[in-house]
Amino acid sequence: MRWVGLAGGLVASLAAMSSVVLPWVRGGERSIPGVDAGERLESYVSDAILPVVQFYLVPAFAWSLVALLLATTVGVRAPWARFVAAAVALLPTALLGLGIVTAADPGPQAEAYEVRSQWICAAVIAVLLLLLLAAVVALLRRVYWIYHWFVVMFLVGLGALHLVAIGLLAATLHSDVQVTGFAWLTGVGYILAGVFAAIGTRGAAALAEEDRCQP
């Protein structure tokens, strides 16, 4: 079960990352891939882009990279492997830290509501960063279940955030522009990665229990 969870999580997260470079919004001859959606969609919505949509869409590719890196650490149990997993998990930590710096700097031309939204985004990313660091510390101290279930909840939560953001975006787009199926596929990929991570986590826990029961 552990290897099934790891392999399934990797495939699902890779599919989610791949779909980020595919068209998420299309209308006539216009086609906008997910990686550019946050910066090119303002002229295609009936009002300002909602903060939750912008929070997710602007760093959409970075979110997919974080998900892929965390999916590679599912089910880690061996003493040496936990150090490798911790090192891999610190890469998303660096990405989230960069996200804080970016979100906290709205630019000199930003409106008051934009500054407020950016600071809220920076605060949310800071909380995620602290939770991830705490999970890595738990992994290094061999409290595996905390780290593994953090990864599961992060992937499922990211998938839910994606689907909510795309749903809100679809409701505000101009009538001649539509969200494509690829946009929804990314969220499904994250959720599937989370499900496989849960399978891998349960499998690793079962193996650990068998080892403890052996004389």
Side-chain angles (χ1 to χ4, degrees), residues 1-26 31-38 56-78 80-96 99 128 131-132 135-136 138-139 144-167 169-170 179-210:
M1 283 177 58
R2 183 175 60 145
W3 292 109
V4 170
L6 177 59
L10 286 175
V11 170
S13 56
L14 277 172
M17 173 178 275
S18 299
S19 64
V20 172
V21 300
L22 296 174
W24 280 9
V25 175
R26 181 175 289 147
S31 180
I32 302 177
V35 70
D36 296 330
Y56 174 76
L57 287 183
V58 171
F61 185 77
W63 288 124
S64 70
L65 183 57
V66 169
L68 176 63
L69 290 171
L70 291 179
T72 64
T73 65
V74 169
V76 168
R77 284 281 171 175
W80 61 268
R82 78 178 191 274
F83 292 105
V84 176
V88 172
L90 288 177
L91 294 176
T93 302
L95 288 174
L96 289 175
L128 286 175
L131 289 174
L132 178 55
V136 171
L139 174 64
Y144 297 111
W145 68 270
I146 292 180
Y147 176 79
H148 290 148
W149 286 109
F150 169 81
V151 173
V152 171
M153 297 305 296
F154 179 87
L155 292 172
V156 173
L158 184 60
L161 173 63
H162 176 92
L163 295 177
V164 169
I166 295 300
L169 176 64
V179 170
T180 70
F182 296 123
W184 302 102
L185 178 63
T186 307
V188 174
Y190 291 144
I191 292 175
L192 284 176
V195 171
F196 279 113
I199 293 173
T201 296
R202 294 296 297 272
L207 287 175
E209 186 65 28
E210 290 178 4

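Since we're looking at a predicted model, the values are computed, not measured.
The side-chain heavy atoms of L132 and F150, taken from C-beta on, include a pair separated by under 4.5 Å. Residues L163 and I191 have side chains in contact (heavy-atom distance under 4.5 Å, counting atoms from C-beta outward). Under the 4.5 Å side-chain criterion, counting only non-hydrogen atoms from C-beta, T73 is in contact with Y147. At a threshold of 4.5 Å between non-hydrogen side-chain atoms, the residues W184 and H162 do not count as touching.
Under a 3.5 Å cut-off, the side chain of W24 and the backbone N or O of D36 do not form any donor-acceptor pair. The backbone N or O of L139 lies less than 3.5 Å from no partner atom in the side chain of H148, so there is not a single donor-acceptor pair. At distances below 3.5 Å, at least one donor-acceptor pair connects side-chain atoms of T180 with backbone N or O atoms of P23.
In this structure, CE in M17 is found 11.0 Å from OG1 in T186, a value given to the nearest 0.5 Å. How far CG of L57 is from CD1 of I166: 5.5 Å, rounded to the nearest 0.5 Å. Summarising the geometry, atom CG belonging to L65 is positioned 8.0 Å from atom CG belonging to L91; distances are rounded to the nearest 0.5 Å. The distance from atom CG of L68 to atom CG of L14, rounded to the nearest 0.5 Å, is 5.0 Å.
In terms of heavy-atom proximity, A193 sits nearest to S13 at CB-N, 4.1 Å. Across A60 and G34, no two heavy atoms sit closer than the pair CB-O, 4.0 Å. Closest non-hydrogen pair, Y190 versus V20, comes out as OH-CG2, 4.5 Å. Between G200 and V74 the shortest heavy-atom distance is CA-CG1, 4.0 Å. Minimum interatomic distance between V152 and A198 (heavy atoms only, all atoms of both residues): CG2-N, 3.5 Å. Residues V156 and G194 approach most closely at CG2-CA, 3.9 Å, considering heavy atoms.
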- request: Give the C-alpha distance, both sets of side-chain angles, the deciding distance and a yes or no for side chain to side chain contact (heavy atoms under 4.5 Å, CB included) between F154 and V66.
  value: CA-CA 10 Å; F154 179 87; V66 169; 3.6 Å; yes
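Of the residues listed (L169, V164, L158), the one engaging Y56 in a side-chain contact (heavy atoms from CB on, under 4.5 Å) is L158, and it is the only one.
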